[in-house]
Asks: 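Have a look at the structure that comes next, please.
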Amino acid sequence: MEILQAQEVVKEYTLGKLHVQALRGLNLAIHSGEMLCIMGPSGSGKTTLLNLLGLLDAPSSGSILLQGKPTQNLSYKEAARLRSRFLGFIFQSFNLFPVLNAFENVEYPLLFHPLTRKERRDRVWAALADVQLREVAMHRPDELSGGQRQRVAIARALVTHPLLILADEPTANLDSESAEAIMAAMQRLNQSHRTTFVFSTHDPRVVHHATRIVRISDGVIQHDGPQATVTNLLEKRISK
Amino acid sequence: MTGLKRLLQISWRNVFRNKRRSFLTLMILVLGCTGLILVGGFFQNLMDGYREQFIHSQTGHLQVNRAGYFKMGASAPLDYLMPDAETVRRQVEAFPGVDYTVPRLKFGGMASTENASVAVLAVGTDAAAERKMGSAKAGNVAHSSTRIVAGQDLDPSDGEGVLLGRGLAEALNVTVGDRLTFLTTRRAGAIDGSEMRVRGVFETIAKDFDDRAMKLNLAAAQKLLDAPDQVHSFLVLLKETSLTEATQEAFRSRFLRDKAGLEVLSWEEQGLFYRQSKEMLLRIYSVIQLIICVIFVFSIANTLNMALFERIREFGTMMAIGNGRPTIFMTIFLEAAILGALGSALGLAAGVGLAHLISAIGIEMPPPPQSSSGYFAMISLTPRLTGDTLAISMSACLFSALWPAFRATRFRIVHALGYV
């Protein structure tokens, strides 16, 4: 089942006098349960695509369909409501609230959902358990390692039971060991909870966690297929 | 509700995130509020003190006259004598809230000694009532509003004894026990004179009054004018100054209904100088309030703007998670409200504490305008003063939050998330 679709999406920016076309008529469909990796070099349009898929920005033309419904004419408020209800976000710099502890950070998105206190707390503890962070629940972000902070961010994205979690370079600010742990955690959640993940990276060491890889370059999709196929293809190209 | 509670929690914690900056902002609020309390309380005390002295030395809370006396009485005092004064006095003293009355019979004349002749305002009065009025505690002022500075007060049994204002005694160059001749015009137009003896010298807050006033027993004045049981006015002293307006209304409705041909004036209606002084002090205080308010606005706005730019990415995250613009606005608004509430509470506490301390010591003041004696001023705290200070502080804080909060709601999410 297609959760999210990008249809003929174009995104243009104007940077001073420079006119930049970040995405050029891109088509993509994301299916439930996928662990989709968007790869590409810097400036290829990965973050732009994730922003559009996450309804954080609007395409210059084309459309984004969430569960088959177009989103281009949504008001700010409606888009915010859809993000709150259906989407989770993981950021490169974790973006935790420094004044809240891990538990409170994970709980934050639920405060605007119609849940009882008990339901909310149960969900938070479950999400923290999923990322194996129950023991540091009362620690503030500055008392956690980079890897732990990103796991808190994953729990925060997970706690609303979203259709899809979008992660923009979730391992970019982590050492390789922490990066591997984060990807393993996401993969585990994908397999156990059937949570759909879309993550961007330019780190080839983490792509093996994906079930599908989309490689984009200059705003267009170069390759789109199962992880093994695309990885083989890319390796062959590199060896040639 | 849960969301608002957590926003309040976040805002509260954010206030203390940059402790140094918040401390400085709070200090500005505390100093500003303290300043407003102290200056406002000082001005209030000046006005209260002057008001009570004015009331207890010259006008009473209310003055009951023959109709027209206030405007025209100075030129033709004998045309405005109130007949059957004792009946009027009994009626007036029967009103609720009235403590006592002081009769006044005022007329002009010439006091002469061997060396000098001075135009005099003669005031016939009831010595006991006058003494009671003059020795009343005038606000926080340490001395009474009428002081006998030499000799003794009037005595009804001493028919020729008079009190002279300090300035008048100096102008006539007389001391206690000296004699003077007083000439005045009687009702029929005849000039009559009387020998009088200086029994004492008095001083009030009004130097121009002291420079020309002579007080004598009411009976002696009535005899001199050939006006038995007649007075110009009854000064009405109430149990509380705050009862003035209501009692004046009650008097007016009663006297108008009875067609008694009387007028009732409040101390404020008679006190042009008091009104002008009060107006001037209020204007000065308004300017001080405005200046402090502007300082508050810029200070809080600066703090919030700095906090805003440090936390743009956090606001981007909040928006990405699904928070609407009202939530973003509220986060900043609550921070301003917390800063305002804390600063105001601390400022009010500091202001009130200092006000009590200063009042316990007293501020030595020189003689006010038109007065001949200094006094100790204090800081008068009123619910209105603290309420106004709180309102200024809080509204300045909330007002200064409007623009930063609005700006935060207008961030584009992708820019906010990418802000470094």
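Chain naming here is simple, since letters A, B, ... match the order of the sequence lines and numbering starts at 1 in each. All figures in this text were calculated on a predicted structure; none of them were measured in a lab.
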Asks: Counting heavy-atom pairs under 4.5 Å to chain B, which of A:L100, A:L96, A:N51, A:T47 comes out on top?
Replies: A:L100
Asks: For B:R13 and A:V99, which heavy atoms make the closest approach, and how far apart are they?
Replies: NH1-O, 2.8 Å
Asks: Once rounded to the nearest 0.5 Å, what's the spacing between atom OG1 of B:T327 and atom CG of A:L111?
Replies: 10.5 Å
Asks: For the backbone of B:G324 and the side chain of A:R81, can you confirm whether one donor and one acceptor N or O come within less than 3.5 Å of each other?
Replies: no
Asks: Does a sphere of radius 6.0 Å around CD in B:Q9 hold more than 12 heavy atoms from other residues, nucleotides or ligands, not counting ones at 6.0 Å or beyond?
Replies: yes
Asks: For atom CD of B:E240, is the number of surrounding heavy atoms from other residues, nucleotides or ligands below 6.0 Å larger than 12?
Replies: no
Asks: Under 4.5 Å heavy-atom distance to chain A, tell me which part of B:R412 shows up: side chain, backbone, both or neither.
Replies: side chain
Asks: Can you see which heavy atom on A:L56 is nearest to which on B:V414, and at what distance?
Replies: O-CG1, 3.9 Å
Asks: Decide if atom OH of B:Y285 counts as having more than 12 heavy atoms of other residues, nucleotides or ligands within a radius under 6.0 Å.
Replies: yes
Asks: Report which part of A:R85 has an atom under 4.5 Å of a heavy atom belonging to chain B: side chain, backbone, both, or neither.
Replies: neither
Asks: Heavy-atom distance under 4.5 Å to chain B: side chain of A:E104, backbone, both or neither?
Replies: both
Asks: Considering all heavy atoms of both residues, which atom of A:Y108 and which atom of B:I321 are nearest to each other, and what is their separation?
Replies: CD2-CD1, 4.3 Å
Asks: Is there a side-chain contact between B:M319 and A:Y76, using heavy atoms and a 4.5 Å cut-off?
Replies: yes
Asks: Determine whether more than 12 heavy atoms belonging to other residues, nucleotides or ligands lie under 6.0 Å from atom CZ of B:F16.
Replies: yes
Asks: Looking at B:R410, I'd like to know if its CZ atom is crowded, meaning that more than 12 non-hydrogen atoms belonging to other residues, nucleotides or ligands lie closer than 6.0 Å.
Replies: yes
Asks: Locate the shortest heavy-atom distance separating B:A320 from A:F89; write the atom from each residue and the value.
Replies: O-CE1, 3.2 Å
Asks: Do you know which of B:I10, B:I413, B:N14, B:N323 has the most heavy-atom pairs with chain A at a distance under 4.5 angstrom?
Replies: B:N323
Asks: Taking all heavy atoms of B:G322 and all of A:S84, pick out the closest pair and write down the distance.
Replies: CA-CB, 3.9 Å
Asks: Just wondering, are more than 12 heavy atoms of other shown residues or ligands nearer than 6.0 Å to CZ in B:F23?
Replies: no
Asks: Set out, in order, the CA-CA distance, both residues' side-chain angles and the distance that settles side-chain contact (heavy atoms from CB on, under 4.5 Å) for A:R156 and B:T317, then state yes or no.
Replies: CA-CA 12 Å; A:R156 182 175 67 182; B:T317 307; 3.6 Å; yes
Asks: To the nearest 0.5 Å, tell me how far B:R311 CZ sits from A:F97 CZ.
Replies: 10.0 Å
Asks: Rounded to the nearest 0.5 Å, what separation is found between the CG atom of A:N95 and the CD atom of B:E314?
Replies: 8.5 Å
Asks: In terms of heavy-atom proximity below 4.5 Å to chain A, should B:R17 be classed as side chain, backbone, both, or neither?
Replies: side chain
